[in-house]
Amino acid sequence: MFILNPPSSIFHDAKKLFLSEQAGRAQIQDFACKNAANVLSLSNLVMGLSSILCTLNGQHLYACWLILFGFLLDLADGAVARQLNACSALGAKLDDFADFTTFGIATSLLLQAHGILSSVFIICYVMAVFIRLCFFSSGKNTLFILLFKRDYCWFKKKLSRLDEIFC
């Protein structure tokens with residue numbers, strides 16, 4: 001009897017389940033679009049950490065390749081975030097941390113300091129990467145121009161004179 005005359009609530013429940021499944025797919029798709037750049041940043045971080053492990057184990061060629069892949073992932077991360085308009089505060093901090101790990105720490109370990117002078121240069125390199133990321137993430141990129149404004153104006157004048165001479 002049930003097969004010949006199914007209750008109407010079964011159709012109603014099936015319709016409700018189907019609609020909620022479609023809404024769930026839309027939510028998953030929205031979540032994936034918003035976090036695609038974060039996944040690329042995490043991949044960049046994994047490449048940097050793997051490069052550090054390879055360097056510590058003496059596998060320098062693999063460490064170089066991992067830094068290169070991290071660079072490509074960093075490029076893709078920014079492009080995907082801009083294309084999908086999925087910029088977030090978490091993404092910005094995650095990207096900065098991944099960049100510092102890959103391009104600051106992993107690269108400095110790959111350089112392998114063998115003396116006092118090379119150690120000082122490597123520390124200066126890591127600090128320069130750190131300061132650059134701090135200025136970039138804080139939005140104060142113009143600080144470099146303000147610090148070197150006199151040199152910047154001098155360079156601009158020289159360029160304009162060269163432009164007049166050659167054009």
Side-chain angles (χ1 to χ4, degrees), residues 17-153 155-156 159:
L17 179 65
F18 180 72
L19 290 176
S20 68
E21 199 172 295
Q22 284 180 339
R25 285 185 189 142
Q27 287 176 343
I28 289 172
Q29 187 177 14
D30 186 48
F31 180 79
C33 285
K34 286 183 180 177
N35 290 305
N38 292 345
V39 169
L40 291 172
S41 288
L42 280 173
S43 300
N44 180 10
L45 180 65
V46 168
M47 292 297 150
L49 292 172
S50 300
S51 175
I52 290 170
L53 289 175
C54 286
T55 301
L56 293 176
N57 288 323
Q59 299 172 339
H60 303 294
L61 183 64
Y62 294 128
C64 290
W65 280 108
L66 288 168
I67 289 174
L68 178 66
F69 290 142
F71 170 72
L72 295 174
L73 286 168
D74 187 44
L75 289 177
D77 157 15
V80 166
R82 283 187 294 276
Q83 191 71 25
L84 295 176
N85 197 18
C87 300
S88 65
L90 171 69
K93 288 179 180 18
L94 184 62
D95 186 49
D96 285 344
F97 184 66
D99 289 348
F100 183 68
T101 303
T102 302
F103 306 120
I105 298 172
T107 306
S108 66
L109 283 175
L110 195 59
L111 292 173
Q112 293 185 350
H114 293 295
I116 298 291
L117 188 61
S118 61
S119 298
V120 169
F121 284 139
I122 288 174
I123 290 171
C124 289
Y125 168 75
V126 171
M127 293 306 294
V129 170
F130 180 73
I131 289 169
R132 188 242 176 242
L133 286 172
C134 286
F135 281 126
F136 185 75
S137 64
S138 68
K140 302 204 187 279
N141 293 333
T142 57
L143 185 64
F144 288 114
I145 293 174
L146 292 176
L147 287 175
F148 303 107
K149 187 174 185 175
R150 187 183 60 131
D151 297 331
Y152 177 73
C153 293
F155 183 70
K156 199 172 175 182
L159 280 180

Pairs satisfying salt bridge (charged side-chain N to carboxylate O under 4.0 Å, His left out), at least one member in residues 111-126, at least two apart
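Every pair satisfying salt bridge (charged side-chain N to carboxylate O under 4.0 Å, His left out) with a residue in residues 111-126: there are none.
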Enumerate the residue pairs fulfilling salt bridge (charged side-chain N to carboxylate O under 4.0 Å, His left out) with a member in residues 32-58, sequence neighbours excluded, ordered by first and then second residue.
Asp30-Lys34
Working to the nearest 0.5 Å, report the span between [atom1] of [X] and [atom2] of [Y].
X      : Y      : atom1 : atom2 : result
Leu109 : Ile122 : CG    : CD1   : 8.5 Å
Phe130 : Ile123 : CZ    : CD1   : 14.5 Å
Thr55  : Tyr62  : OG1   : OH    : 13.5 Å
Ser88  : Lys93  : OG    : NZ    : 9.5 Å
Asn35  : Leu40  : CG    : CG    : 11.0 Å
Ile67  : Met47  : CD1   : CE    : 12.0 Å

With Gln83 via side-chain contact (heavy atoms from CB on, under 4.5 Å) - residues at least two apart
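Gln83 satisfies side-chain contact (heavy atoms from CB on, under 4.5 Å) with no other residue.
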What are the two closest heavy atoms between [X] and [Y], and how far apart are they?
X      : Y      : answer
Ile105 : Ile52  : CG2-CD1, 3.6 Å
Val129 : Phe103 : CG2-O, 4.2 Å
Gly104 : Val126 : O-CG2, 3.8 Å
Ala98  : Ser41  : CB-O, 3.4 Å
Asn38  : Gly91  : OD1-CA, 3.2 Å

Heavy-atom side-chain contact between Asp99 and Asn44 under 4.5 Å:
yes
Is any side-chain heavy atom of Ser51 less than 4.5 Å from a side-chain heavy atom of Thr102?
no
How about [atom1] on [X], more than 12 heavy atoms from neighbouring residues, nucleotides or ligands closer than 6.0 Å, or not?
X      : atom1 : result
Asn85  : CG    : no
Ile116 : CD1   : no
Phe97  : CZ    : no

Can you check whether [Y]'s main-chain N or O pairs, donor with acceptor, with [X]'s side chain at less than 3.5 Å?
X      : Y      : result
Asn57  : Leu53  : yes
Ser118 : His114 : yes
Thr101 : Ala106 : no

Show your working on side-chain contact (heavy atoms from CB on, under 4.5 Å) between Val39 and Leu42 and close with a plain yes or no.
CA-CA 5 Å; Val39 169; Leu42 280 173; 5.6 Å; no
